[in-house]
Amino acid sequence: MAPRPGRDLVPPLLWSLSVFLSLPGPVWLQPSPPPQASPPTEPHPCHTCRGLVDSFNKGLERTIRDNFGGGNTAWEEEKLSKYKDSETRLVEVLESVCSKSDFECHRLLELSEELVESWWFHKQQEAPDLFQWLCSDSLKLCCPSGTFGPSCIPCPGGAERPCGGYGKCEGEGTRGGSGHCDCQAGYGGEACGQCGLGYFEAERNASHLVCSACFGPCARCSGPEESNCLQCKKGWVLHHLKCVDIDECGTERASCGADQFCVNTEGSYECRDCAKACLGCMGAGPGRCKKCSPGYQQVGSKCLGEFPATGQATWSALPTMNYVDECETEVCPGENEQCENIEGSYRCVCTQGYKQIEGVCVKEQIPESAGFFSEMTEDELVVLQQMFFGVIICALATLAAKGDLVFTAIFIGAVAAMTGYWLSERSDRVLEGFIKGR
């Protein structure tokens, strides 16, 4: 047992201990270097110190319970007051504070045993929290909650609510770490104060943020509905605020092997092996072959095997290659698509009322009903107007011929106006365009 240090010995002892802690242990104490492929994760010294203090406190509870628990109460109170802060009790606690296999705990206890004794005999009254006194103030291995690093600076979001309460601050409570926030699912940003990819802000106030999931293929959205998408995940395209699956097989974005065919899936695609009868194929079964494999020959639209004796092609030579109607399975999973069976193959077409634009079936826009003159050019309308005026002038001329002075005056004025117009430059342009059929 080490002698009890006085108050004047504590400062130089702390300085010597801090220097010693910064040095590597003896070579014979250092473990052999582990393989680089899987380096072990050693606990931070702060965690080791916290474990030591927790074990020490449990030892204090155990020694009180085991040594006093029934009998003469007056005698126990007298003995307890002497035993409570005795050296005997301290030795009993320290003997079991570290497990036999906990090398880091034994090493730290060896380096800090005199500090623990100093706290036990001199510091308990003014510093009752052993963890704070030993691990934070004396050894400087730990930081207060919500802080990190050598200077114990606050984590992002503040020491009271590090990472906004929605993440874990790396190195929190230790003298190490980067302070980077590892946010919970659905949260992001430097201090986890924003909604992450695939989530939207469902509720927010001064202290809390609730992030909810977007509709499946949406990467960013304004709400939970299918029509609230603002950005789509890979393999989807945004169309009228909805994410529509991209048919990689139909848009030549897929990359499959020579003896494979492409099958579109939601947000992606799959490459599946061709039938054994095929040398390259466009789909499943022997009816989708580009060429037939050796030992097979084309019969109709299918590559079939041969019996060696007769040389006749038969389905029985291919017990695992029965004819497949591709439209019986889901080969056109795109929205508003349907399968159309053709001889030896199939194709994906848009359902009625939809048309394909950039590999996606979109609803056709029905044009509004056109007016009678909607397809006529401006020049043709001008000529039509002049023809109408001509008819009116002819009617006026007829009335003027009967001797009516009023209609005669109107007729002469109209003829003069029309003559001026037809002699103008615009009249020449209109007639030229009409003659050329513009």
(request) Can you sort out the partners of Cys152 under side-chain contact (heavy atoms from CB on, under 4.5 Å), two or more places apart, ordered by chain and number? (result) Cys143, Pro144, Thr147, Arg175

(request) Kindly write out the residues that satisfy side-chain contact (heavy atoms from CB on, under 4.5 Å) with Asp182, not counting sequence neighbours, or none if the list is empty. (result) none

(request) Starting at CD of Glu190, measure out to NE2 of His180 and round the result to the nearest 0.5 Å. (result) 9.5 Å

(message) Measuring only between side-chain heavy atoms, which start at C-beta, is Leu279 closer than 4.5 Å to Lys290?
(response) no

(message) Test disulfide bond (SG atoms under 2.5 Å apart) on Cys181 and Cys163; report intermediate values, then the result.
(response) CA-CA 6 Å; Cys181 286; Cys163 302; 2.1 Å; yes

(request) Give a yes or no on whether the backbone of Gly176 and the side-chain of Thr174 come within a donor-acceptor separation of less than 3.5 Å. (result) yes

(message) Strictly distance-based, threshold 3.5 Å: is any side-chain N or O of Ser118 a donor or acceptor partner for the main-chain N or O of Glu114?
(response) no

(message) Taking salt bridge (Lys or Arg N to Asp or Glu O under 4.0 Å) as the definition, give me every residue that meets it alongside Glu170, ordered by chain and number, with sequence neighbours left out.
(response) none

(request) Please name all residues satisfying ring-ring contact (aromatic ring centres under 6.0 Å, His included) with Tyr187, sequence neighbours left out, ordered by chain then number. (result) Tyr166

(message) Thr251: which residues meet the side-chain contact (heavy atoms from CB on, under 4.5 Å) condition with it, sequence neighbours left out?
(response) Ile246, Arg253

Please report, to 0.1 Å, the donor-acceptor pairs under 3.5 Å made by any side chain of residues 191-204, with sequence neighbours excluded.
unit_1: Glu201; atom_1: OE1; unit_2: Arg204; atom_2: NE; d: 3.1
unit_1: Glu201; atom_1: OE1; unit_2: Arg204; atom_2: NH2; d: 3.1
unit_1: Glu201; atom_1: OE2; unit_2: Arg204; atom_2: NE; d: 3.3
unit_1: Arg204; atom_1: NH2; unit_2: Gly193; atom_2: O; d: 2.9

(message) Between Asp247 and Tyr269, does the side chain to side chain contact (heavy atoms under 4.5 Å, CB included) criterion hold? Intermediate values first, please.
(response) CA-CA 8 Å; Asp247 184 0; Tyr269 67 94; over 6 Å; no

(message) Just so I know, are the side chains of Trp119 and Gln124 near enough to count as touching, which here means a heavy-atom distance under 4.5 Å?
(response) yes

(request) Could I get the full list of side-chain hydrogen bond (donor to acceptor under 3.5 Å, both in side chains) partners for Arg161, not counting sequence neighbours? (result) none

(request) Step by step, work out the side chain to side chain contact (heavy atoms under 4.5 Å, CB included) result for Glu248 and Asn264. (result) CA-CA 6 Å; Glu248 291 85 357; Asn264 188 49; 2.8 Å; yes

(message) I'd like to know if the two cysteines, Cys274 and Cys281, have SG atoms within less than 2.5 Å.
(response) yes

(message) Distance check, rounded to the nearest 0.5 Å: Phe131 atom CZ versus Cys49 atom SG?
(response) 6.5 Å

(message) Applying side-chain hydrogen bond (donor to acceptor under 3.5 Å, both in side chains), can you list everything that pairs with Glu335, at least two apart in sequence or on another chain?
(response) none

(message) Can you tell me how far apart CD (Gln356) and CG (Asn336) are? Round to the nearest 0.5 Å.
(response) 11.5 Å

(request) Look at the side chain of Thr265 and the backbone N and O of Ser268, then say whether any donor-acceptor pair between them is shorter than 3.5 Å. (result) yes

(message) I'd like to check the side-chain hydrogen bond (donor to acceptor under 3.5 Å, both in side chains) partners of Asp273; sequence neighbours left out, ordered by chain and number.
(response) Gln260

(message) For Cys292 versus Gln298, what's the shortest heavy-atom pair and its separation?
(response) SG-N, 3.7 Å

(message) Strictly under 2.5 Å separating the two SG atoms? Check that for Cys361 and Cys350, please.
(response) yes

(message) What's the separation between atom OG in Ser138 and atom CD in Gln132, rounded to the nearest 0.5 Å?
(response) 9.5 Å

(request) Go through the steps for Cys278 and Cys289 under the test disulfide bond (SG atoms under 2.5 Å apart), then give the verdict. (result) CA-CA 5 Å; Cys278 302; Cys289 298; 1.8 Å; yes

(request) Compare every heavy atom of Ala275 with every heavy atom of Pro286, then report the nearest pair and how far apart it is. (result) N-CB, 4.3 Å

Under 3.5 Å, which donor-acceptor pairs link side chains of residues 226-237 to any protein atom two or more places apart or in another chain?
unit_1: Asn228; atom_1: OD1; unit_2: Glu225; atom_2: N; d: 2.9
unit_1: Gln231; atom_1: OE1; unit_2: Arg220; atom_2: NE; d: 2.9
unit_1: Lys233; atom_1: NZ; unit_2: Gly216; atom_2: O; d: 3.0

(message) Filter on ring pair (Phe, Tyr, Trp, His ring centres under 6.0 Å), then keep only pairs touching residues 137-159, sequence neighbours left out; what's left?
(response) none

(request) Identify the two heavy atoms, one from Trp120 and one from Asp85, that lie closest to each other, and give their separation to 0.1 Å. (result) NE1-O, 3.3 Å

(request) Could you pull out all residues at least two apart from Ser96 that satisfy side-chain contact (heavy atoms from CB on, under 4.5 Å)? (result) Arg62

(request) Would you sort out whether Cys155 and Cys169 count as a disulfide bond (SG atoms under 2.5 Å apart), showing the intermediate values? (result) CA-CA 6 Å; Cys155 292; Cys169 174; 2.2 Å; yes

(request) Test Cys46 against Cys135 for disulfide bond (SG atoms under 2.5 Å apart), laying out the working first. (result) CA-CA 7 Å; Cys46 175; Cys135 302; over 6 Å; no

(message) For Arg50 and Asp54: C-alpha separation, side-chain torsions, deciding distance, then whether side chain to side chain contact (heavy atoms under 4.5 Å, CB included) applies.
(response) CA-CA 6 Å; Arg50 181 181 290 277; Asp54 290 345; 3.8 Å; yes

(request) Provide the closest heavy-atom pair for Pro162 versus Gly146 in the form atom of the first, atom of the second, distance. (result) CG-CA, 4.2 Å

(request) Decide side chain to side chain contact (heavy atoms under 4.5 Å, CB included) for Leu141 and Leu108; before the verdict, give the C-alpha distance in whole Å, the side-chain angles of both, and the deciding distance to 0.1 Å. (result) CA-CA 11 Å; Leu141 298 177; Leu108 181 61; 4.2 Å; yes

(request) Find out whether Phe261 and Met282 are in side-chain contact, i.e. whether some heavy atom of one side chain is under 4.5 Å from a heavy atom of the other. (result) no

(request) Nearest 0.5 Å please: distance from the OG1 atom of Thr48 over to the CD atom of Glu104. (result) 5.5 Å

(request) Might you point out which heavy atoms bring Val116 and Leu90 nearest each other, and give the distance in Å? (result) CG1-CD1, 4.4 Å

(message) With rounding to the nearest 0.5 angstrom, report the NZ to CD distance, Lys58 to Glu61.
(response) 8.5 Å

(request) Determine the minimum heavy-atom distance between Lys100 and His106, stating which atoms define it. (result) CA-NE2, 3.9 Å

